[in-house]
Number of protein chains: 2
Amino acid sequence: MLTDRQLLIFQVIVDDFIQTAQPVGSRTLSKKEEISFSSATIRNEMADLEELGFIEKTHTSSGRIPSEKGYRYYVDHLLSPQKLNQYDIHKVQSIFAERIYELEKIVQRSAKILSELTNYTSIVLGPAVRDNKLKKIQIVPLNKETAIAIIVTDTGHVENRMFHLPENIDASDLEKVVNILNDRLAGAPLESLNNKLYKEVAVLLRHHINNYDLMLNSIADTIKIPAYDKLFFGGKTNMLSQPEFHDIEKVKNLMNMIEQEEGIYDLIRKNKSGINIKIGRENNNSAMENCSLITASYSIGTEQLGTIAILGPTRMEYSRVISLLNYISADLSAVLSKLYQNR
Amino acid sequence: MLTDRQLLIFQVIVDDFIQTAQPVGSRTLSKKEEISFSSATIRNEMADLEELGFIEKTHTSSGRIPSEKGYRYYVDHLLSPQKLNQYDIHKVQSIFAERIYELEKIVQRSAKILSELTNYTSIVLGPAVRDNKLKKIQIVPLNKETAIAIIVTDTGHVENRMFHLPENIDASDLEKVVNILNDRLAGAPLESLNNKLYKEVAVLLRHHINNYDLMLNSIADTIKIPAYDKLFFGGKTNMLSQPEFHDIEKVKNLMNMIEQEEGIYDLIRKNKSGINIKIGRENNNSAMENCSLITASYSIGTEQLGTIAILGPTRMEYSRVISLLNYISADLSAVLSKLYQNR
DNA sequence: TGTTAGCACTCTTTGTTACCGAGTGCTAAT
DNA sequence: ATTAGCACTCGGTAACAAAGAGTGCTAACA
């Protein structure tokens with residue numbers, strides 16, 4: 001559908017615009033090494049490319065910039081994977097250099113490094129807790145009225161919540177409860193806890209504890225998995241340095257959306273494994289009109305755990321970002337698998 | 001040092017500028033209800049006020065704006081406490097309406113509400129963990145090599161860290177360790193744990209456990225209190241709506257500083273109890289040149305727990321913000337005292 | 001027939017000029 | 001002591017010109 005020459009010209013336009021953020025004119029193009037024909041020829045080809053919807057003008061006599069359709073084509077057909085340099089690799093390795101065991105911390109460091117290497121904003125959707133299996137429940141009474149329930153999952157994730165103790169419950173009662181809970185629920189996926197609690201544990205509690213229903217509700221309430229997994233960000237302010245965000249209104253929209261988190265969550269979550277690229281309005285979000293979002297997933301073994309993403313202007317260094325995401329997500333998966341496979 | 005009339009004029013200038021963000025001229029002033037003399041008179045008085053350093057011009061023939069010295073005087077001498085309206089009070093009450101027990105969540109909600117009521121950025125320094133006393137330590141083994149240590153404090157704060165298990169340690173060993181730890185350390189302030197651990201617990205461990213030193217180090221590492229207490233923010237993007245931040249560079253500086261957190265920490269922490277006001281360069285921070293920071297402390301009983309603050313432009317509604325901070329910090333202290341006094 | 005030189009045209013950017021309005025400082029009259 | 005009046009200053013806006021970058025189209029060229 002596109003001739004080789006059109007392809008070449010298009011590629012050079014996109015590459016140049018990604019670098020300079022300035023519309024690219026025929027004269028600029030004709031001076032490039034890769035290009036050996038005159039500006040007039042280029043103008044003709046550009047007119048065709050524009051008619052096909054790959055490039056646009058900002059005004060009648062301006063140079064061209066890639067359209068969203070153009071970026072899409074560029075990303076789908078013209079991208080050559082970029083080789084990471086020594087510095088990048090070194091930086092990524094440094095995520096895992098320190099002996100940290102907590103999943104969350106590793107993930108958080110990844111977000112930070114990723115934003116530093118790209119100068120864009122990085123977003124990491126933390127490890128999904130819902131598939132974790134319960135390792136242990138513990139209850140620590142603080143005083144007569146309140147206690148803390150703590151649950152530990154097989155990946156080492158810890159959740160805790162305070163709750164009200166029913167009256168007239170003593171330490172030995174609590175101990176019984178904890179024993180029953182661990183006995184019945186250990187090993188079960190967090191998702192199923194609530195169900196099991198009422199179906200299996202309720203009966204047992206009744207035999208041992210007075211006012212067991214109040215207690216049960218408190219525990220059920222405590223055990224509920226958070227609806228959203230944690231989001232980690234890196235370089236939230238990096239977008240302020242991008243020329244397309246010299247307009248305060250755009251910045252405000254974007255920042256608000258980042259601050260809200262819910263919107264981000266929707267954008268990040270529903271992605272297949274591997275690399276996903278959403279360009280501009282493909283994100284279906286007015287605050288992201290000038291942005292692209294590239295996501296990659298990381299996993300333990302075959303189980304997809306979370307998502308790691310870069311948010312940048314549509315004029316983004318796609319090739320570099322994809323390479324980095326691929327590299328980090330692979331490393332992340334490898335390290336995590338090694339740490340937690342045998343759980 | 002200032003005549004009554006100068007005082008009046010100065011006050012009206014500040015009040016007007018806080019509202020409009022526009023330099024105030026003599027004609028505008030002469031039209032105000034409070035003011036019954038001519039613009040020429042006002043001009044003379046303004047010249048004096050400028051000579052005294054309370055107000056400034058933005059250019060030779062502009063109206064006047066308050067100087068930093070002016071704001072300082074205004075805040076120290078002219079502030080009349082503002083009465084909160086029904087809506088404000090209702091909003092603040094809503095922080096405590098839901099039955100939440102976790103300190104952190106209450107504090108976080110306060111930050112959110114505060115930013116919504118003021119349209120500035122709110123910062124809350126979370127409850128200091130260092131003075132908490134240890135309630136319970138627990139260790140949950142995840143697999144042969146790793147375990148999680150969980151500590152619970154008397155205020156219900158939970159910290160957890162993963163650590164490497166020494167080889168050849170079994171469940172009963174771990175149980176012994178936990179018992180010893182709780183026996184010896186429960187009730188001690190977190191700050192003193194490290195010390196006690198090596199002084200008192202080490203001896204005991206030696207008798208019961210092989211390779212006790214490795215274990216000890218892991219535990220010591222785990223028990224370390226975080227150097228910084230948690231910061232909570234509300235309305236990080238609110239500043240983008242202030243006219244003084246139409247300049248992207250200023251926004252970038254400020255946002256970066258907020259994102260870093262360390263700088264904020266320094267600003268917030270070293271404040272006496274009660275209300276503290278830092279205006280513009282008094283903050284000693286170039287990113288905050290156009291900002292004022294008002295802090296208040298909250299406490300349980302007489303023990304100062306944390307700080308609650310508002311970051312806004314120097315042209316801030318001081319009176320309203322101070323009233324709000326006073327009100328919230330008092331409420332916060334009252335509720336927290338009630339919940340945790342009897343710990 | 002594909003390529004290119006040339007040219008008229010368009011649109012943005014930049015600089016100049018002029019002018020209005022808001023505000024000031026100073027002087028002189030009240 | 002207060003104020004009316006006036007000359008002056010400065011920012012903002014609009015109108016206009018000129019420069020520069022780029023385009024589309026036509027006609028000449030290989």
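A, B, ... follow the sequence lines: proteins, then strands. Residue 1 opens every chain.
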Q.
Could you check whether any side-chain heavy atom of B:Val124 comes within less than 4.5 Å of a side-chain heavy atom of B:Gln108, counting everything from C-beta outward?
A. no
**Q.** Side-chain heavy atoms of B:Thr295 within contact of B:Ile308, under 4.5 Å
**A.** no
Q | Pairs involving residues 63-73 of chain B, ordered by first then second residue, that meet side chain to side chain donor-acceptor pair (under 3.5 Å) (sequence neighbours left out) | A | B:Glu50-B:Arg64, B:Arg72-B:Asp76, B:Arg72-B:Glu282
Q: Decide yes or no for B:Leu84 and B:His90: does some side-chain heavy atom of the first lie under 4.5 Å from some side-chain heavy atom of the second?
A: no
Less than 3.5 Å apart, which donor and acceptor atoms pair up between the side chains of residues 29-36 of chain A and the rest of the protein, not counting sequence neighbours?
from, atom 1, to, atom 2, distance (Å)
A:Ser30, OG, A:Arg27, O, 2.8
A:Lys32, NZ, A:Asp16, OD1, 2.7

Q.
Tell me every residue that passes side-chain hydrogen bond (donor to acceptor under 3.5 Å, both in side chains) with A:Tyr74, counting only those two or more places apart in sequence or in another chain.
A. A:Asp15
Q) side-chain hydrogen bond (donor to acceptor under 3.5 Å, both in side chains) with A:Ser61: which residues, sequence neighbours excluded? A) none
Q: Not counting sequence neighbours, which residues clear side-chain hydrogen bond (donor to acceptor under 3.5 Å, both in side chains) with A:Ser319? List them please.
A: none
Can you give each donor-acceptor pair under 3.5 Å made by side-chain atoms of residues 235-251 of chain A, sequence neighbours left out, with the distance rounded to 0.1 Å?
from, atom 1, to, atom 2, distance (Å)
A:Thr237, OG1, B:Asn256, OD1, 2.7
A:Asn238, ND2, A:Ser115, O, 3.3
A:Asn238, ND2, A:Tyr120, O, 2.9
A:Gln242, OE1, A:Arg315, NH2, 2.9
A:Glu244, OE1, A:Arg315, NE, 3.0
A:Glu244, OE2, A:Arg315, NE, 3.2
A:Glu244, OE2, A:Arg315, NH2, 2.9
A:Asp247, OD1, A:Glu249, N, 3.2

Q) Got a sec? Which of residues 5-36 of chain A come in under 4.0 Å of DNA chain C, heavy atoms? A) A:Arg5
**Q.** Toward the 5' end of DNA chain D, by each residue's nearest nucleotide, B:Phe37 or A:Lys57
**A.** B:Phe37
Q | Interface residues of residues 60-71 of chain B with DNA chain D (non-hydrogen, below 4.0 angstrom) | A | B:Thr60, B:Ser61
Q) For DNA chain C, which residues in residues 39-51 of chain A have a heavy atom at a distance below 4.0 Å? A) A:Ala40, A:Thr41, A:Arg43, A:Asn44
Q) Within a strict 4.5 Å, meaning less than it, do heavy atoms of the A:Ile9 and A:Phe37 side chains meet? A) yes
Q | Student check: side-chain heavy atoms of B:Ile322 and B:Ile277 closer than 4.5 Å | A | yes
Q.
According to side-chain hydrogen bond (donor to acceptor under 3.5 Å, both in side chains), who are the partners of A:Asp88, at least two apart in sequence or on a separate chain?
A. A:Arg320
Q | Outermost DNA chain D nucleotides near chain B [under 4.0 Å, heavy atoms] | A | D:dT2 to D:dG11
Pick out the pairs of N or O atoms, protein on one side and nucleotides 12-17 of chain C on the other, that lie under 3.5 Å.
none

Q.
Quick check on B:Gln260: does its CD atom have over 12 non-hydrogen neighbours (other residues, nucleotides or ligands) under 6.0 Å away?
A. yes
Q.
To check you understand the geometry: which heavy-atom pair defines the closest contact between B:Asn283 and B:Cys291, and what is its length?
A. ND2-O, 3.5 Å
Q) Does any non-hydrogen side-chain atom of A:Pro313 lie less than 4.5 Å from one of A:Asn290? A) no
